[in-house]
Amino acid sequence: MEESRDSAWVEILSPVRNEEGRLEEGIEKTVGFLEPAHAGEYRLTIVDNDSHDGTQRIAEQLCEKHPQVSYLRIDRRGVGAAVRAGVAQSRCPVVGYMDIDLATDLRHVDEVLDLFRERPDLEMVNGSRWARGYGATGRGLKRTITSMGLTAVLKVALGMEASDAICGFKFFRREIAEALIDAADRDEDGWFFIIEMLLLAERGGVRIHELPVVWRDDGHSSVEVGSVIRSYLTQIAKLRKRFGLRAASGE
């Protein structure tokens, strides 16, 4: 078990909260896909955001079954909090995260591994559902408009260059992830923390590869769109002010 973990060079974080219905299938499919070609090269870490269902029990069973799977529980909710905690405990040279529902096609993990192997200068891979055409399927019109609208606002208000900010598929050289986390707002635990990491990476000259991905919505999202929009607009205003202060001070 320890030999497998010590030789791993990429760690994939799976943030979860009350995911007893999808956790086992998501991990088993990921292990089944990666193991034939990448045995010993990867770790999967389940980062539990304060679940109150059977998530922890299932996660511990998966850890017993698969030595390359580990479990980390935190008492804060949100993808941002999960990524911070997951990166902090990682010892792998490359670390990233993807959603447990496997909305992003697993074949793209192979592309990520190849990119980091072949390009020593590469520091971040940002999955995009909108690059080179429409890569998202199954998403309702309301959520599509919301997502694309957010992208447009980020481009106008904060000068974002990426075509997609919130696709749940991002990978980093670990030291880059650590630096971005240190620079970001630690009071933000949700999705906007991930957006801020991307924006900071762009402004900091991080070498980013935008990877077009096939992405499928399973229709089970519990996101309340109105609440998310209000939260994002508040965070965008804060970050706009922060970036403006930086520009004014010459930083």
Side-chain angles (χ1 to χ4, degrees), residues 5 8 10-35 42-92 94-106 108-109 112 127 129 136 138-139 143 147 165-172 174 177 181 184 186 188-197 213 215-225 227-228 231:
R5 293 189 171 192
V10 61
E11 181 159 6
I12 302 173
L13 310 174
S14 293
V16 297
R17 182 172 185 273
N18 295 336
E19 290 283 9
E20 63 178 7
R22 297 192 288 190
L23 178 57
E24 183 173 9
E25 180 180 9
I27 294 297
E28 292 289 1
K29 283 186 175 180
T30 304
V31 171
F33 177 83
L34 290 173
E35 196 62 19
Y42 71 96
R43 289 183 62 182
L44 303 179
T45 298
I46 303 163
V47 187
D48 185 345
N49 298 260
D50 194 31
S51 292
H52 297 289
D53 62 356
T55 294
Q56 180 168 349
R57 171 182 54 81
I58 295 169
E60 290 172 346
Q61 291 172 350
L62 289 165
C63 292
E64 292 180 5
K65 181 178 180 181
H66 301 293
Q68 64 274 59
V69 177
S70 59
Y71 174 72
L72 173 65
R73 184 179 176 92
I74 61 175
D75 60 3
R76 300 180 73 166
R77 301 179 185 179
V79 173
V83 169
R84 281 200 302 271
V87 171
Q89 59 81 49
S90 180
R91 296 298 177 266
C92 293
V94 174
V95 60
Y97 81 97
M98 62 184 189
D99 296 333
I100 196 61
D101 62 1
L102 304 185
T104 304
D105 195 307
L106 279 168
H108 297 304
V109 178
V112 168
R129 299 158 295 177
R139 166 163 282 198
R143 291 192 64 198
S147 179
I166 59 173
C167 178
F169 193 81
K170 290 178 170 59
F171 288 80
F172 310 81
R174 192 185 75 237
I181 287 170
R186 285 182 171 267
E188 170 58 35
D189 288 340
W191 274 106
F192 201 84
F193 186 85
I194 308 302
I195 296 173
E196 186 176 355
M197 287 180 71
V213 298
W215 187 91
R216 180 179 298 277
D217 191 345
D218 67 1
H220 293 151
S221 174
S222 59
V223 172
E224 202 286 299
V225 174
S227 175
V228 169
S231 173

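Just so it is clear, the model here is predicted, and its values are computed rather than measured. One is the number of the first residue; the rest follow in order along the sequence. Side-chain atoms are counted along with the backbone in the values below, which use heavy atoms only and exclude waters and symmetry mates.
- In terms of heavy atoms, Ile194 sits closest to Gly80 at CD1-CA, 4.3 Å.
- Put simply, the residue from Thr45, Val79, Val47, Val87 that forms a side-chain contact (heavy atoms from CB on, under 4.5 Å) with Tyr97 is Val79.
- Between Asp189 and Arg84, at least one side-chain nitrogen of the basic residue sits less than 4.0 Å from a carboxylate oxygen of the acidic one, meeting the salt-bridge criterion.
- Atom CD1 of Ile181 sits about 7.0 Å away from atom CZ of Arg186, to the nearest 0.5 Å.
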May I have the step-by-step check of side-chain hydrogen bond (donor to acceptor under 3.5 Å, both in side chains) for Gln61 and Glu24, ending in yes or no?
CA-CA 9 Å; Gln61 291 172 350; Glu24 183 173 9; over 6 Å; no

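- Judged by distance alone, with hydrogens and angles left aside, the side-chain atoms of Asp99 form no donor-acceptor pair with the main-chain N or O of Asp101 at under 3.5 Å.
- The ring-ring contact (aromatic ring centres under 6.0 Å, His included) test applied to Phe193 returns no partner, not counting sequence neighbours.
- Contact record, Gly168 with Trp191: CA-CH2, 4.2 Å, taken as the closest heavy-atom pair.
- In this structure, the separation between OG1 on Thr104 and CG on Leu102 is 8.5 Å, given to the nearest 0.5 Å.
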Chi angles and distances behind the side-chain contact (heavy atoms from CB on, under 4.5 Å) call for Val94, Tyr42:
CA-CA 10 Å; Val94 174; Tyr42 71 96; over 6 Å; no

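- Between atom NE2 of residue His66 and atom CG of residue Leu44 there is a gap of 9.0 Å, rounded to the nearest 0.5 Å.
- Closest approach of Gly127 to Val213, counting heavy atoms only: CA-CG1, 4.1 Å.
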What donor-acceptor contacts under 3.5 angstrom involve side-chain atoms of residues 12-19, with partners at least two apart or in another chain?
unit_1 : atom_1 : unit_2 : atom_2 : d
Arg17  : NE     : Asn49  : O      : 3.3
Asn18  : OD1    : His52  : N      : 2.6
Asn18  : OD1    : Asp53  : N      : 3.4
Glu19  : OE1    : Arg22  : NE     : 3.0
Glu19  : OE1    : Arg22  : NH2    : 3.4
Glu19  : OE2    : Arg22  : NH2    : 3.0

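- A perpendicular orientation is assigned to the rings of His108 and Phe169, their planes being inclined by more than 60° (bins at 30° and 60°).
- Smallest separation of non-hydrogen atoms from Met98 and Thr30: CE-CG2, 3.7 Å.
- A distance of 9.0 Å separates OG in Ser51 from CD in Glu20, rounded to the nearest 0.5 Å.
- For Glu25, the CD atom counts as loosely surrounded, since its 6.0 Å shell holds 12 or fewer non-hydrogen atoms of other residues, nucleotides or ligands.
- When all heavy atoms of Ile74 and Ala85 are compared, the closest pair comes out as CG2-CB, 3.7 Å.
- Across Ala177 and Val95, no two heavy atoms sit closer than the pair CB-CG1, 4.2 Å.
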Let's go through Ile195 and Ile166 carefully: what are the C-alpha distance in whole Å and the side-chain angles of both, what is the deciding distance for side-chain contact (heavy atoms from CB on, under 4.5 Å) to 0.1 Å, and is it a yes or a no?
CA-CA 6 Å; Ile195 296 173; Ile166 59 173; 3.3 Å; yes

Just do the side-chain contact (heavy atoms from CB on, under 4.5 Å) check on Arg43 and Val69 with the steps written out, would you?
CA-CA 6 Å; Arg43 289 183 62 182; Val69 177; over 6 Å; no

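- With salt bridges taken as basic N to acidic carboxylate O contacts below 4.0 Å, one links Glu28 and Lys65.
- At distances below 3.5 Å, at least one donor-acceptor pair connects side-chain atoms of Arg174 with backbone N or O atoms of Cys92.
- With rounding to the nearest 0.5 Å, the separation of CG in Leu106 from NZ in Lys29 is 8.5 Å.
- Here the straight-line distance linking atom CD1 of Ile46 with atom CG of Leu23 works out to 4.5 Å at 0.5 Å rounding.
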